[in-house]
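The structure under discussion appears below in the form of structure tokens.
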Amino acid sequence: MGIVVQKFGGTSVADSECIKRVARKAIRCKEEGNQVVLVVSAMGRSTNQMIALAREISANPSPREMDMLLTTGEQVTISLMAMALEDMGHSAISFTGGQAGIVTDEFFGKGKIRSIDTKRMKEKLDQGNMLVVAGFQGITHEGELTTLGRGGSDTTAVALAAALDADVCEIYTDVDGVYTTDPRVVPNARKLEFISYDEMLEMASLGAAVLQPRSVEYAKQYDVKIHVRSSFNDSLGTIVREVSEMEKNVIVNGVAFDTRVAKITIAGVPDIPGVAMNIFNRLAKENINVDMIVQSNHKGDVNDISFTVSTSESKVALTVMEELNEVLKAQGISFDDTVSKISIVGAGMQSNPGVAASMFEALAEADVNIQMISTSEIKVSCIIAREEVQEAVKALHDKFELERK
Ligand code: ADP
Ligand code: ASP
Ligand code: MG
């Protein structure tokens, strides 16, 4: 008997009807002869609502108390889902992340899974139960509750699939699969039958919310097959898996964008060794992820250094830079949280010169100004004004004819 992990996101469990629909889907999987582990998110937009509520109470709530609050969202869903399964005649048991044996490091709000003790889950599965596990959460060795970062239920699901050696990890969501870009922005975006781990990882890291990047990292590392599909119909979705070199012939596979980006510029910093080290060491010490970095050509004996961070960390990054400036003696620090990152992704890009040029051409034709550029073997990213994102995504999708196979 195989194990199937099925993850259902917020929209899929938004109300009691949705919860019953999900329960029926999971029961069908069990009746096909599988042991089933459900991983569920908080209902609807309740995580966002709790964040807003916390902000009404405090401008700067402590990360520990935020996690204490946010973990309750998934806990509501697991109990209701287990009740629905039992009501339909199937024995089921709900587990918080900690009860499922998920141990994380101590970073509140962005915990990383350190280990999973599957003993209790296996026992309950072998007794014939369906398991319902709270996504997005774990527990530290000290017993603190942690969350895994926004969208973290995907990571819980893939990590459980790896630990339990499941046949497949099914990610049920509100779209039919992974598309060439967000189908809500470009209506003629095309559903991909399959996508490689590397391309999916790039797409997710560059803003495609359909999977949390870490879930794809785990899937690649532990060779977990992911099937992204709709919880509202039975059609096949997108398989994320290893692909052969032969299959990596598509030059550009998708367009991703991330509107949660802020840019910080340290202007007129002395052009001497050690400045970049000081800046980025300091940010690393605060556990802030820096994305793009650009150092401009020096003017006289000073440089400008710009970098981007996630908007969720931008205020802390700015404060840290202002403190550091007492040592750096830069002429000024500027902050812009009205930017976004737009990227093209494709494994075939590395052997096809001119792809970046085509991207810049499409953006120029759409009259979109590029503020920063970064490239890797399989992606090109640009920072642009946030208000131009939708137009830019459409322009790139058209330029690379992604609606056509
Ligand atoms: P869930 O609550 O099920 O985890 P999410 O909102 O986190 O759902 O992720 C699904 C959303 O991801 C879709 O509604 C879609 O708008 C967005 N999305 C962004 N890029 C893509 C893409 N390339 N393919 C499919 N969906 C995408
Ligand atoms: N509820 C969490 C969030 O909204 C985790 C998830 O849905 O994956 O980010
Ligand atoms: Mg999600």
Side-chain angles (χ1 to χ4, degrees), residues 6-14 18 22 38-52 66-67 69-78 97 109-111 133-138 146-159 169-195 199-216 226 228-232 237-238 240 252-260 312 340-346 389-390 393 396-397 402-403:
Q6 299 188 318
K7 177 258 171 177
F8 297 91
T11 335
S12 309
V13 293
C18 288
V22 164
L38 290 85
V39 173
V40 291
S41 291
M43 291 171 70
R45 299 177 56 76
S46 59
T47 306
N48 286 353
Q49 286 158 359
M50 282 189 275
I51 292 171
M66 276 311 283
D67 277 3
L69 175 67
L70 296 187
T71 48
T72 63
E74 273 65 16
Q75 208 170 319
V76 170
T77 325
I78 53 170
K110 51 178 168 182
V133 180
F136 173 60
Q137 58 173 260
T146 49
T147 62
L148 309 180
R150 297 306 306 271
S153 298
D154 300 330
T155 298
T156 304
V158 174
C169 179
E170 297 182 331
I171 303 283
Y172 286 91
T173 183
D174 56 3
V175 284
D176 286 350
V178 179
Y179 282 71
T180 47
T181 193
D182 189 338
R184 296 186 197 288
V185 172
V186 179
N188 66 349
R190 178 171 47 86
K191 189 174 88 182
L192 302 167
E193 229 171 284
F194 65 85
I195 184 168
E199 286 169 316
M200 190 64 240
L201 184 56
E202 285 289 354
M203 289 280 279
S205 309
L206 295 169
V210 63
L211 285 175
Q212 197 198 36
R214 186 152 312 126
S215 71
V216 189
I226 300 181
V228 180
R229 57 195 308 192
S230 169
S231 63
F232 300 95
T238 304
V240 189
V252 175
N253 221 355
V255 179
F257 58 92
D258 189 352
T259 52
R260 290 173 301 176
S312 62
S340 290
K341 182 167 66 168
I342 178 157
S343 313
I344 52 172
V345 176
V389 164
Q390 301 217 352
V393 173
L396 294 177
H397 201 268
L402 295 182
E403 73 287 356

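All values reported here derive from a predicted model rather than from experimental measurement. When reading the values below, keep in mind they use all heavy atoms of this one structure, side chains included, and skip hydrogens, waters and symmetry mates. Ligands are counted one by one from 1 in listed order, and the atoms in each one are counted from 1 as well.
- Of the candidates Val393, Thr173, Asp174, it is Asp174 that places a heavy atom closest to atom 14 (O) of ligand 1.
- Looking only at distances, no side-chain donor or acceptor of Glu403 sits under 3.5 Å from a matching main-chain atom of Asn188.
- Using a 4.0 angstrom heavy-atom cutoff, Gly151 counts as in contact with ligand 2.
- For Thr238 (side chain) and Val178 (main-chain N/O), a donor-acceptor pair under 3.5 Å exists by modelled atom type.
- Of the possible donor and acceptor atoms, one in the side chain of Glu74 sits under 3.5 Å from a partner among the backbone N and O of Ala42.
- Every pair passing side chain to side chain donor-acceptor pair (under 3.5 Å) that includes a residue from residues 148-157 is listed here, sequence neighbours excluded: Lys7-Asp154, Ser41-Ser153, Asn48-Arg150, Thr155-Gln212.
- Judged as a salt bridge (Lys or Arg N to Asp or Glu O under 4.0 Å), not a single pair has a partner in residues 40-52 (not counting sequence neighbours).
- Separating the CG atom in Asp182 from the CE atom in Met203 is a distance of 9.0 Å, to the nearest 0.5 Å.
- Of all the heavy atoms of Pro183, the ones lying under 4.0 Å from any atom of ligand 1 belong exclusively to the side chain.
- From the protein, the heavy atom lying nearest to atom 4 (O) of ligand 1 is Lys7 NZ, 3.0 Å.
- With rounding to the nearest 0.5 angstrom, the CZ atom of Phe8 is 10.0 Å from the CD1 atom of Ile171.
- Checking Ser12, Gly135, Ser230, Ala209 against atom 7 (O) of ligand 1, the nearest heavy atom belongs to Ala209.
- Every atom of ligand 1 is numbered from 1 in the order shown, and the set under 4.0 Å from a heavy atom of Met203 is 23 (N).
- Every heavy atom of Gly151 sits 4.0 Å or more from the atoms of ligand 1.
- Residue contacts with ligand 2, taken as heavy atom pairs separated by less than 4.0 Å, do not involve Gln212 at all.
- Taking a cut-off of under 4.0 Å to the non-hydrogen atoms of Ser41, the atoms of ligand 2 that pass are 6 (C), 7 (O), 8 (O).
- A donor-acceptor pair shorter than 3.5 Å cannot be found between the side chains of Asp67 and Thr146.
- Listed by number with element, the atoms of ligand 1 under 4.0 angstrom from any heavy atom of Ala208 are 19 (C), 20 (N).
- At a heavy-atom cutoff of 4.0 Å, ligand 1 is contacted by no atom of Arg150, backbone or side chain.
- Between Thr47 and ligand 2, at least one pair of N/O atoms sits closer than 3.5 Å.
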Apply the test side chain to side chain contact (heavy atoms under 4.5 Å, CB included) to residues Val158 and Ile226: give CA-CA distance (whole Å), side-chain angles for both, the deciding distance (0.1 Å), then the verdict. CA-CA 8 Å; Val158 174; Ile226 300 181; 3.8 Å; yes

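- Any N or O atom pair closer than 3.5 Å counts here, and Gly10 shares at least one such pair with ligand 1.
- If you take CG on Leu402 and CG on Asn253, they are separated by 8.0 Å, rounding to the nearest 0.5 Å.
- If you number the atoms of ligand 1 from 1 as listed, the ones under 4.0 Å from a heavy atom of Val178 come out as 24 (N).
- For ligand 2, the atoms lying closer than 4.0 Å to a non-hydrogen atom of Arg150 are 3 (C), 4 (O), 9 (O).
- Closest heavy-atom approach to atom 20 (N) of ligand 1 among the candidates Asp182, Asp176, Val228, Val175: Asp182.
- For the pair Gln212 and ligand 1, no heavy-atom separation below 4.0 Å is found.
- Proximity of Gly73 to ligand 2 is not established, as no heavy-atom distance is less than 4.0 Å.
- What sits closest to atom 27 (C) of ligand 1 on the protein, heavy atoms only, is Val210 CB, 3.8 Å.
- Once rounded to the nearest 0.5 Å, the distance linking CD of Gln390 with CD1 of Ile342 reads 10.0 Å.
- Interatomic distance, Thr180 OG1 to Ile195 CD1, rounded to the nearest 0.5 Å: 10.0 Å.
- Residue-to-ligand polar distances place Ser153 within reach of ligand 2: an N/O pair is separated by less than 3.5 Å.
- At least one heavy atom of Gly177 sits less than 4.0 Å from an atom of ligand 1.
- Set against the non-hydrogen atoms of Tyr179, the atoms of ligand 1 under 4.0 Å away are 22 (C), 23 (N), 24 (N), 25 (C).
- Remark: side-chain polar atoms of Thr181 are paired, donor with acceptor, to backbone N or O of Val255 under 3.5 angstrom.
- Residue Thr173 holds its OG1 atom at 12.5 Å from CZ of Arg229, rounded to the nearest 0.5 Å.
- Evaluated by nearest non-hydrogen atom to atom 22 (C) of ligand 1, the leading choice among Thr238, Val345, Leu206, Thr181 is Thr181.
- Arg45 does not count as a contact of ligand 2, since none of its heavy atoms falls under 4.0 Å from the ligand.
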